[in-house]
Amino acid sequence: MYIEVLKSKIHRVTVTQANLNYIGSITIDSELAEAAGLVENEKVHVVNITNGERLETYVIKGERGSGAICLNGAAAHKFSPGDLAIIMSYAVMTPEEAQTHKPKVIFPDTKTNRLIK
């Protein structure tokens with residue numbers, strides 16, 4: 001048997017842009033994505049703390065150090081610049097593997113979306 005467990009989480013990041021005229025996905029500053037262990041095209045759940053919306057999409061890496069968090073395509077209807085969000089990905093593993101698994105969780109500065117060092 002396999003279970004899904006939290007793999008990566010960017011906790012309380014600020015949405016910088018919502019772009020309706022894009023094919024879909026979420027653009028994440030490359031520095032944040034890499035710090036959280038997210039890879040390009042990885043499926044993520046995005047939760048809007050501000051209004052309670054939730055959705056699934058995939059990661060596109062944005063410009064390093066830009067602080068970009070942009071919801072693209074239809075997701076732009078559910079998120080607005082300034083909204084706070086949580087971005088999460090999951091991994092499939094055995095219950096035994098899950099016992100020792102430690103998810104990568106980062107807490108960026110909510111004003112700049114920069115890593116707190």
- List the steps and the verdict of side-chain contact (heavy atoms from CB on, under 4.5 Å) for Asp29 and Ile69. CA-CA 7 Å; Asp29 175 322; Ile69 300 292; 5.6 Å; no
Using modelled atom types and a 3.5 Å cut-off, is there a donor and acceptor pairing between side-chain atoms of [X] and backbone atoms of [Y]?
{"X": "Thr14", "Y": "Thr110", "answer": "yes"}
{"X": "Gln99", "Y": "Glu96", "answer": "no"}
{"X": "Asn113", "Y": "Gly67", "answer": "yes"}
{"X": "Lys7", "Y": "Gly37", "answer": "yes"}

Minimum heavy-atom distance between [X] and [Y], given as atom pair plus value:
{"X": "Asn19", "Y": "Cys70", "result": "CB-SG, 3.9 Å"}
{"X": "Asn48", "Y": "Thr50", "result": "OD1-N, 2.8 Å"}
{"X": "Ser30", "Y": "Gly62", "result": "OG-O, 2.6 Å"}
{"X": "Ile106", "Y": "Ala35", "result": "CG2-O, 3.7 Å"}
{"X": "Ala36", "Y": "Lys104", "result": "O-CB, 3.6 Å"}
{"X": "Ala98", "Y": "Ile3", "result": "CB-CD1, 3.8 Å"}

- Item | Glu31/Arg114 ion pair, N-O < 4.0 Å |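 No, this pair does not count.
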State whether the number of non-hydrogen atoms from other residues, nucleotides or ligands found under 6.0 Å of [X] atom [atom1] is greater than 12.
{"X": "Glu40", "atom1": "CD", "value": "yes"}
{"X": "Ile116", "atom1": "CD1", "value": "yes"}
{"X": "Lys78", "atom1": "NZ", "value": "no"}

Note, [X] side chain near [Y] side chain (heavy atom, < 4.5 Å):
{"X": "Ile60", "Y": "Ile26", "result": "no"}
{"X": "Met93", "Y": "Val5", "result": "yes"}
{"X": "Ile49", "Y": "Ile86", "result": "yes"}
{"X": "Leu6", "Y": "Lys9", "result": "yes"}
{"X": "Val44", "Y": "Thr57", "result": "yes"}

At what distance, to the nearest 0.5 angstrom, does [atom1] of [X] lie from [atom2] of [Y]?
{"X": "Ser89", "Y": "Glu4", "atom1": "OG", "atom2": "CD", "result": "10.5 Å"}
{"X": "Ser80", "Y": "Gln17", "atom1": "OG", "atom2": "CD", "result": "12.0 Å"}
{"X": "Asp83", "Y": "Leu71", "atom1": "CG", "atom2": "CG", "result": "8.5 Å"}
{"X": "Glu42", "Y": "Ile28", "atom1": "CD", "atom2": "CD1", "result": "9.0 Å"}

Are [Y] and [X] linked, directly or through intermediate hydrophobic residues, by side-chain heavy-atom contacts shorter than 4.5 Å (ILVMFWY only)?
{"X": "Val13", "Y": "Leu115", "value": "yes"}
{"X": "Leu32", "Y": "Phe107", "value": "no"}
{"X": "Met88", "Y": "Leu84", "value": "yes"}
{"X": "Leu55", "Y": "Leu38", "value": "yes"}

- Query: Do Thr27 and Asn72 get their side chains close enough for a donor-acceptor pair, meaning under 3.5 Å?
  - Reply: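 A donor-acceptor contact under 3.5 Å links the two side chains.
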- Query: Given Val59 and Asn41, is the side-chain contact (heavy atoms from CB on, under 4.5 Å) satisfied, shown in steps?
  - Reply: CA-CA 5 Å; Val59 174; Asn41 299 311; over 6 Å; no
- Item | Residue pairs fulfilling ring pair (Phe, Tyr, Trp, His ring centres under 6.0 Å) with at least one residue in residues 34-88, sequence neighbours excluded |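 Listed by first then second residue: His45-Tyr90.
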